[in-house]
Amino acid sequence: MGSPYMEFAKLRSGAKYNLATSGIMSYPLADLPVRIEDLEINGPTVYGYAPLQERLARYNGVPPECVFAAAGTSFANHMAMAVCLNPGDEVLIEHPTYELLESTASYLGAKLRRFERRLEDKFRIDPAEVERQITPATKLVILTNLHNPTGAYADEATVRAVGEIAKSRGARVLVDEVYLEAFYGNRPRPAFHFGDQFVVTSSLTKAFGLSGLRCGWVLAGQELVHRMWRINDLYAATPAHPAELLSVIAFDHLDKVAARAKLLLDENRSSLNAFLDARDDLDFYRPEQGTIVFPKLRSGDVEAFIRLLREKYETSVVPGKYFDMPQYFRVGIGGDPEMTRAGLERLALALDEFRRAV
């Protein structure tokens, strides 16, 4: 088992003008008030490092015993599924979705069903569609909010409605909220607060540019979190303590980190909007938040277009095939503003050339 998308992201997404990223560009270590004497190689980590557990709990408004500290959101999702599923259980997952969620569920032996999020509905979650697709065998419903790959936001009423449908069938709901962090100071409450059927994952990666800290988390009931810590003993019994210490420092200065990210995104969203306003060869939902957009090419082979874009215009995007939507491609706007603006200009030039050719 593996993840085709992650293999692409690691080995084939790089370009001079990289619009294939999905998070904010890296936050410089030099901009955190860190001294070498603040760090240690080893520390008092048993089942969670207490200062980090306290900050994760305070940030999310939950008790520390309801927090599992994970090495990024992907591992958080793995652990959340591991305690919610047994081999052969059914998972109902949105379509399109982040490929690694499907691959992880399959790796754990789950059977996959899907419910649709459609462009004509602005990729919103329709609880009635969830109710049509859920079955008595469904043990877990999986959502992303903000939606990956489209950036669409599901409000509290919608997520609660999905939770009630799942609860009535004896299922839980896993909500990957890593892109919800891009609301920054106006972040909605984590779905964990909506009922005990909810399990929530997130991290400091996508919205803050702190990927290298691997500071992710799961919010869940105390019994589930207890089981996660014990399963984690099979994978990563002792975390990297310098990363825990740096994560504590990052949380203590998160307002500064968020302010830098928000300024960057605001500038890049202006460039994105100018690009989208000029296109009549794409269909798209225009998200108001987040770091990604997922346009559909109206005509022509997307793979051929992406080859042209990369080979002639030195620009990369993510092929929609990694989200089971081959006529689409995902664009990230979390990079350096000058690079992002130039990349969007090259994307426009490539689209113009491709349209003339087809």
Side-chain angles (χ1 to χ4, degrees), residues 8-9 12-26 96 98 117-124 146-153 179 182-184 206-207 209 260-323 325-358:
F8 162 81
R12 298 189 297 279
S13 69
K16 182 176 181 180
Y17 303 96
N18 191 346
L19 302 180
T21 58
S22 58
I24 294 292
M25 63 184 291
S26 295
Y98 180 47
R117 299 181 67 159
R118 299 179 174 88
L119 173 61
E120 56 267 30
D121 293 330
K122 300 181 178 180
F123 291 107
R124 71 182 184 92
L146 303 172
H147 183 215
N148 186 4
T150 72
Y153 170 58
Y179 290 100
F183 276 79
Y184 301 113
K206 298 299 183 184
R260 175 255 197 183
K262 186 176 186 306
L263 282 174
L264 184 153
L265 263 187
D266 288 347
E267 184 173 351
N268 286 350
R269 195 170 303 283
S270 295
S271 298
L272 173 67
N273 287 335
F275 164 78
L276 293 176
D277 288 342
R279 305 313 310 178
D280 61 3
D281 49 359
L282 300 175
D283 293 320
F284 53 85
Y285 163 72
R286 190 191 307 249
E288 296 180 5
Q289 296 90 16
T291 61
I292 51 178
V293 65
F294 195 52
K296 177 183 180 182
L297 189 64
R298 287 186 176 178
S299 62
D301 177 19
V302 171
E303 290 290 325
F305 166 68
I306 289 175
R307 283 195 300 273
L308 171 69
L309 178 66
R310 183 180 181 84
E311 293 171 5
K312 183 172 181 178
Y313 293 93
E314 301 178 280
T315 302
S316 60
V317 295
V318 181
K321 66 181 181 181
Y322 293 113
F323 308 95
M325 301 286 274
Q327 201 58 28
Y328 291 71
F329 56 93
R330 195 186 69 185
V331 177
I333 60 166
D336 171 78
E338 183 176 345
M339 183 279 294
T340 300
R341 182 168 52 252
L344 290 169
E345 290 171 356
R346 283 159 174 77
L347 179 56
L349 291 171
L351 284 165
D352 291 340
E353 178 176 341
F354 189 73
R355 178 163 54 180
R356 290 192 298 269
V358 298

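The figures that follow rest on heavy atoms only: side chains count, while hydrogens, waters and symmetry mates do not. Nothing here was measured: the structure is a model prediction, and the numbers come from that model.
Distance check: K122 NZ to T150 OG1 gives 12.5 Å after rounding to the nearest 0.5 Å. For the atom pair CD (E345) and OG1 (T340), the distance works out to 11.0 Å, reported to the nearest 0.5 Å.
Between the side chains of Q289 and Y179, no donor-acceptor pair is found at a separation under 3.5 Å.
Residue pairs meeting the salt bridge (Lys or Arg N to Asp or Glu O under 4.0 Å) criterion with at least one partner in residues 291-304, sequence neighbours excluded, are D283-R298, E303-K321.
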> Run the ring-ring contact (aromatic ring centres under 6.0 Å, His included) check on F183 and Y153 step by step: do they pass?
Replying inline: CA-CA 11 Å; F183 276 79; Y153 170 58; 5.2 Å; yes

> Given F275 and L351, is the side-chain contact (heavy atoms from CB on, under 4.5 Å) satisfied, shown in steps?
Replying inline: CA-CA 11 Å; F275 164 78; L351 284 165; 3.8 Å; yes

>> Walk me through whether F329 and L347 qualify under side-chain contact (heavy atoms from CB on, under 4.5 Å).
In response: CA-CA 12 Å; F329 56 93; L347 179 56; 4.3 Å; yes

>> Apply side-chain contact (heavy atoms from CB on, under 4.5 Å) to residues E267 and L272 and explain how you reach the verdict.
In response: CA-CA 9 Å; E267 184 173 351; L272 173 67; over 6 Å; no

>> Between T315 and K16, does the side-chain contact (heavy atoms from CB on, under 4.5 Å) criterion hold? Intermediate values first, please.
In response: CA-CA 6 Å; T315 302; K16 182 176 181 180; over 6 Å; no

> Would Y313 and E353 count as a side chain to side chain donor-acceptor pair (under 3.5 Å) if you check the C-alpha gap in whole Å, the side-chain angles of each, and the deciding distance to 0.1 Å?
Replying inline: CA-CA 11 Å; Y313 293 93; E353 178 176 341; 2.5 Å; yes

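Y328 is not listed as a side-chain neighbour of P319, based on a closest heavy-atom distance of 4.5 Å or more. For the pair N148/I292, a side-chain contact is recorded, criterion being any heavy-atom separation below 4.5 Å from C-beta on. The closest side-chain heavy-atom distance from V317 to Y17 is not below 4.5 Å.
The closest donor-acceptor contact from the side chain of H147 to the backbone of R117 lies at 3.5 Å or more, if one exists at all. In this structure, R124 contributes its side chain and R118 its backbone to no donor-acceptor pair below 3.5 Å. Between the R269 side chain and the P287 main chain, a donor and an acceptor come within less than 3.5 Å of each other. R355 places no side-chain N or O within 3.5 Å of a backbone atom of S299 that could act as its donor or acceptor partner.
Residues D336 and R341 are not paired through a salt bridge, judged by the lack of any N-O separation under 4.0 Å between the basic side chain and the carboxylate. A salt bridge links K262 with D266: at least one charged nitrogen is closer than 4.0 Å to a carboxylate oxygen.
Residues R260 and S26 approach most closely at NH2-O, 2.7 Å, considering heavy atoms. In this structure, L297 and G300 approach most closely via the heavy-atom pair CD2-O, 4.0 Å. Heavy atoms only, all atoms of each residue included: A350 and L309 are closest at CB-CD1, 3.7 Å. When all heavy atoms of R330 and S22 are compared, the closest pair comes out as NH2-CB, 3.3 Å. S316 and N18 get closest at one heavy-atom pair: OG-OD1, 3.1 Å. Nearest heavy atom pair, residue A261 against residue A207, reads CB-O, 3.4 Å.
Screening F323, F284, Y285 for a ring-ring contact (aromatic ring centres under 6.0 Å, His included) involving F294 leaves a single residue, F323. When each of I24, I333, T291 is tested with N268 by the rule side-chain contact (heavy atoms from CB on, under 4.5 Å), just one qualifies, namely I333.
No more than 12 heavy-atom neighbours from other residues, nucleotides or ligands sit within 6.0 angstrom of CD on E288.
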